[in-house]
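Convention: sequence-line order gives letters A, B, ...; per-chain numbering from 1.
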Amino acid sequence: MSVVAKKHRIALTGNEAVAQAMRQIHPDVVAAYPITPQTEIVQIFSSFVSDGLVHTEYVPVESEHSAMSATVGAAAAGARSMTATSANGLALMWEILYIASGSRLPIVMPVVNRALSGPINIHCDHSDTMGARDSGWIHLYSENAQEAYDNMIQAVRIAEHPDVKLPVMVCMDGFIISHGMENVELLDDKVVSDFVGSYKIDHPLLDIDNPITFGPLDLQDFYFEHKRAQAEAMVRAKNVILQIGEEYAKLTGTKYELFETYRLDDAEVAIVVIGSTAGTAKVQIDKLRSQGIKAGMLKVRVFRPFPYEEIKQALSHVSAIAVLDRADSFSSIGGPLFSETRAAMYDAEKRPLITNYVYGLGGRDINLAMIEKVYQDLLEIKDTGKLKQYVNYLGVRE
Amino acid sequence: MAEMLEIRWHGRGGQGAKTAALLLAEAAAAVGKYIQAFPEYGPERMGAPVVSYNRISDQPITIHSSVENPRFVAVLDPTFIGSIDVCAGIPDGGVIIVNTPLSASEMRKKLGLTNDAIKVFTVDASNISRETIGREIPNTPMLGALVKATNVLDIDELIEDTKKRLERKFKNRPEIIEGNVKAILRAYEEVQGE
């Protein structure tokens, strides 16, 4: 593959990498609430604004609810608009998340995944964005700072694509990635600005010669049709995500798809996982492989739309699967990734045995020994042909 | 460097344990290494014990769990020795470097370290920082001591990069940059181990 763009490998935290992506994307408007539970992302970005490195209209607001409201307003007016949030901040945006997606506004929002309070906790888990999984946003998850940066740039094109017109969350693990420093390869500013192009809205709110109504009352007569169209946009998003991924690969040499597989082709046992734990799992898989154990992994990048057909195909040859959830849905039948993956495998010709591990809540560390235990359990399930239980809790005192 | 190096920094909030890990990572990244630097965030405030980590390798690093068995441990503040097990998890062949006026053998006794397979290094980084920077900020001299004890970087590479980082923050205060460079070099020369 011929790669056209020169890259600069430097040391950055996840927050810095995402703020750099935002600087290079150069949105027209960023609205943000500047204190806890906000992230360093908007703090760094606001310094880019005050240093004159970007000409973005930066709107400090009084709450996360207002941040999303201002972003919705700006996007409807025709501005490329962003905000960023985390944990309880995302929870406070809830009402407006649905208005953003229902109004088909291509907002891009980095979310630093952190636990929702009750009890108070600021560390990594996925309960914030997993709670927002039915809000009509596209969800892209990142394993590391590089993926967060790359996802941000692609998210703009995905959100604004005429077949999609939906908001996108770019998720990365709180502290582990957001505050951890890693090597990140940045593209040249011009390469990014050429890739994202400029945003042209079909019917801007401020086009006073062609006035239209935004956010109208939409009752029994048309609400359902609008929701049906929104559902269809999410179906179409899958191909657009793949197409933008191809285009990005031509530029950078790194290909992004709906998910990444790791040593999965001939795997007998496999885990399904999201986020930074996938990187740790890769190390453990290499160890198991060197012992002759056919272990593999599927790392979900795109959770909404959920790539059920592709996941079914990728996992159908595996005997036993463990789905790792960094969020509990308190459904009594495991976490959200488990529900989706298990449903996807229902149509497989030879259904694998599937079990669930809820892990890492509130930032609880997940180490190699814990991942090894999951694979040992899977080998037992494969050999006996029996699941002991659907839901396991990994690394917790019981 | 055949294997991945793992380093743990112990300090108190405000002493620069997090900054030291970031500076080391940036310096190592600047010469082409793969790096990680991450603090362990708790409810800490100024003066509370804090921990941060580095991973440094010639190969890309994908692991994202906490560091459990650091080959190298740097202790910025000796006053919590006894209340926190700063030697926890250090494997045989590992090294602990402590900011203290004590000799390495005195510090070994104080640590209660009976395992001779772990080396102890000491350097009076607090005093060095007072004499070179003008206030007690032991993190940059400890970087110099760590580089001497670990050979993870060339000392010139560390100084070159640290200068660059500090110039960003203190462009109008060359005496701070100069003081930090002197502090790194002095600690690099003065660190003693057994």
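Using a 4.5 Å cut-off between heavy atoms, A:L12 makes no contact with chain B at all. Contacts of A:N367 with chain B are made by both backbone and side-chain atoms, with heavy-atom separations under 4.5 Å.
Side-chain contact between B:H64 and A:I366: absent, with no pair of heavy atoms (C-beta onward) separated by less than 4.5 Å. For the pair A:M181 and B:E26, the minimum side-chain heavy-atom distance is below 4.5 Å.
Chosen from B:G32, B:P60, B:P39, the residue pairing most often with chain A at heavy-atom distances under 4.5 Å is B:G32. Interface check for chain A: of the options B:A21, B:A37, B:S66, B:A29, the most heavy-atom pairs under 4.5 Å are formed by B:A37. Note: A:H179 leads A:H179, A:E143, A:K282 in heavy-atom pairs under 4.5 Å with chain B.
Separating the CD atom in B:Q36 from the CG atom in A:N144 is a distance of 9.5 Å, to the nearest 0.5 Å. Separating the CG atom in A:N183 from the CD1 atom in B:I61 is a distance of 7.0 Å, to the nearest 0.5 Å. Atom CD of residue A:E182 and atom OH of residue B:Y34 lie 12.5 Å apart, to the nearest 0.5 angstrom.
When atom types are taken as modelled, the side chain of B:T62 and the backbone of A:G279 share a donor-acceptor pair closer than 3.5 angstrom.
Exactly one residue among A:D365, A:T277, A:I176, A:I371 makes a side-chain contact (heavy atoms from CB on, under 4.5 Å) with B:S65. That residue is A:D365.
Open room surrounds NZ on B:K182; 12 or fewer heavy atoms of other groups in view lie less than 6.0 Å from it. Summarising the local packing, CZ of A:R289 is surrounded by more than 12 heavy atoms from other residues, nucleotides or ligands at distances under 6.0 Å.
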